[in-house]
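Worksheet for the structure shown next.
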Protein chains: 2
Amino acid sequence: MTFSLTSPFRKTFSNSLREKGLRPTKQRECVYGIILDKRDHPTADDIYYRVKKYLPGTSFATVYNCLETLVGCGLVRQVNMDRSPTRYCPNLTPHAHFKCNKTGRIYDIQIDEDTLSRMNALVPQGFEAENIDLSFSGTGNALEN
Amino acid sequence: MTFSLTSPFRKTFSNSLREKGLRPTKQRECVYGIILDKRDHPTADDIYYRVKKYLPGTSFATVYNCLETLVGCGLVRQVNMDRSPTRYCPNLTPHAHFKCNKTGRIYDIQIDEDTLSRMNALVPQGFEAENIDLSFSGTGNALEN
DNA sequence: AGTTATAAATGGAATTATTCTAATTATTAA
DNA sequence: TTAATAATTAGAATAATTCCATTTATAACT
């Protein structure tokens, strides 16, 4: 059994790939579906084991390849916190991340327009920011811990 | 020949270490001096080769050990951009980093109090941020490139 | 449908930054 | 000056990721 995207996601998925002349393979669909599914910022390793349940023949290289492709198409984003393994996130709105040092869990934090533009205003003349990255670490939601 | 800190830095250096019951060794002084010297955000690798000029017997493990110690004492800060090697920075004021994708160079960007407090205000109730990290990447200072 | 050209997937080896380990050397306190 | 402890050392180990050569799947064209 393969991991099937629901219709609107499937459309976004194949359109984004086709726009770049790339093929919507079942491995790519599965990886994308898994990232959309739990939204728990899984690592490549996490994704690998989840993909295996649907497509047992999948290799690590494929997971990395798929992730690179999905990132390249703008379908998912990489989240890097310090030197820990890269995590993947389907939330494409401007947001920051908060990592709880106790649980390792990562939370999305929305950034309002005003704060976002202030942050962008920090960039000096002559510099052109393509990417902005804001992250926090500390102790997470006391209620959940 | 060893790398000697100028008097005010040397004092900060040995005080910070002694406060934690750690020894101000020549390797630690050298690593710290090198980070203060060029302020170009060197990697452990960069630091290793620079240290070797002064203390040829120094090993990689020592460089990593020294860096860990210096970070632990709050004398230097780690700068992580994506998955690239960790860089080290003696600037302890609140500041962001800008990485030029063309040259690889990293620039410090000051963060004003107002913007900083707005960023901190993004953290939701129940979360306690110990660390905040803001970084940009894109194309750097056109005049310098 | 069948062929062909090309893109993607695969398994395993290689790479890279970093950490660990056990033995040696240096520093500090008594 | 010695003893206790901390730091350094060389090299092995690890972990995440990338590379490579081969096989398989996909899409375009008969």
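In what follows, chains are A, B, ... by sequence order, proteins preceding strands, each numbered from 1. It should be emphasised that the depicted structure is a prediction, and the values quoted were computed from it without experimental measurement.
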Fill in the blank from the handout: Out of D/dT8, C/dG12, C/dA17, minimum distance to the side chain of B/Pro85 belongs to C/dA17

Problem - Given DNA chain C, 5'-ward residue of the pair A/Thr62 and B/Arg23, judged by closest heavy atom - result: A/Thr62

Practice task
Grab the OH-P distance between B/Tyr88 and C/dA17 for me, whole Å please.
Solution key: 12 Å

Problem - Sugar-phosphate, base or nothing in reach of B/Thr43, heavy atoms under 4.0 Å - result: nothing

Handout entry: Separation of C/dT16 C1' from B/Arg87 CZ (nearest whole Å)
Key = 15 Å

Exercise for the section: Return the minimal non-hydrogen interatomic distance between B/Thr58 and B/Tyr48, and the atom names on each side. Expected result: O-CE1, 3.5 Å

Problem - Sugar-phosphate, base or nothing in reach of B/Thr86, heavy atoms under 4.0 Å - result: sugar-phosphate

Problem - Euclidean distance, atom CG of residue B/Leu55 to atom P of C/dA26 [Å, nearest integer] - result: 12 Å

Problem - Spacing between A/Lys20 atom NZ and D/dT26 atom P, to the nearest angstrom - result: 22 Å

Exercise for the section: Figure out the CZ/P separation between A/Phe60 and C/dT15, and round it to whole Å. Expected result: 20 Å

Exercise for the section: Taking only Lys NZ, Arg NE, NH1 and NH2, and the carboxylate oxygens of Asp or Glu, determine whether A/Arg50 and A/Asp37 approach each other closer than 4.0 Å. Expected result: no

Problem - Touch class at under 4.0 angstrom, heavy-atom based, for A/Asp45 against every strand present - result: nothing

Exercise for the section: Starting from P on D/dT8, measure out to CG on B/Leu70 and report it in whole angstrom. Expected result: 10 Å

Problem - Backbone of B/Asn65 reached by a side-chain donor or acceptor of B/Thr69 within 3.5 Å - result: yes

Handout entry: Selected nucleotide, minimal atom distance to A/Ala61 side chain, candidates D/dT9, C/dA9, D/dC19
Key = D/dC19

Exercise for the section: Check whether any side-chain N or O of A/Arg28 sits under 4.0 Å from OP1 or OP2 of C/dA8, and answer yes or no. Expected result: yes

Exercise for the section: Please determine if a side-chain N or O atom of A/Arg83 lies less than 4.0 Å away from the OP1 or OP2 oxygen of C/dT18. Expected result: yes

Problem - Short side-chain N/O contact from A/Ser59 to OP1 or OP2 of C/dG12, under 4.0 Å - result: no

Practice task
Classify the nucleic acid contact of B/Gly57 as base, sugar-phosphate or nothing, counting any heavy atom under 4.0 Å across all strands shown.
Solution key: sugar-phosphate

Practice task
Specify the residue among A/Pro24 and A/Tyr64 whose closest nucleotide of DNA chain D lies further upstream toward the 5′ end.
Solution key: A/Tyr64

Practice task
Determine whether the side chains of A/Ser84 and A/Asp82 contain a donor N or O and an acceptor N or O closer than 3.5 Å.
Solution key: no

Practice task
Verify the ring-centre separation between B/Tyr107 and A/Phe127: is it less than 6.0 angstrom?
Solution key: yes

Handout entry: C/dT28 phosphate, OP1 or OP2, under 4.0 Å from B/Arg18 side-chain N/O
Key = yes

Fill in the blank from the handout: B/Gln27 CD to C/dA26 P, in whole Å, measures 9 Å

Practice task
Check the distance between D/dA25's C1' and A/Leu22's CG and give it to me in whole angstrom.
Solution key: 15 Å

Practice task
Look at all strands and tell whether A/Thr69 reaches a base, only sugar-phosphate, or nothing, counting heavy atoms closer than 4.0 Å.
Solution key: nothing

Practice task
Using a strict 4.0 Å threshold on nitrogen-to-oxygen distance, state whether B/Asp114 and A/Arg118 make a salt bridge.
Solution key: yes

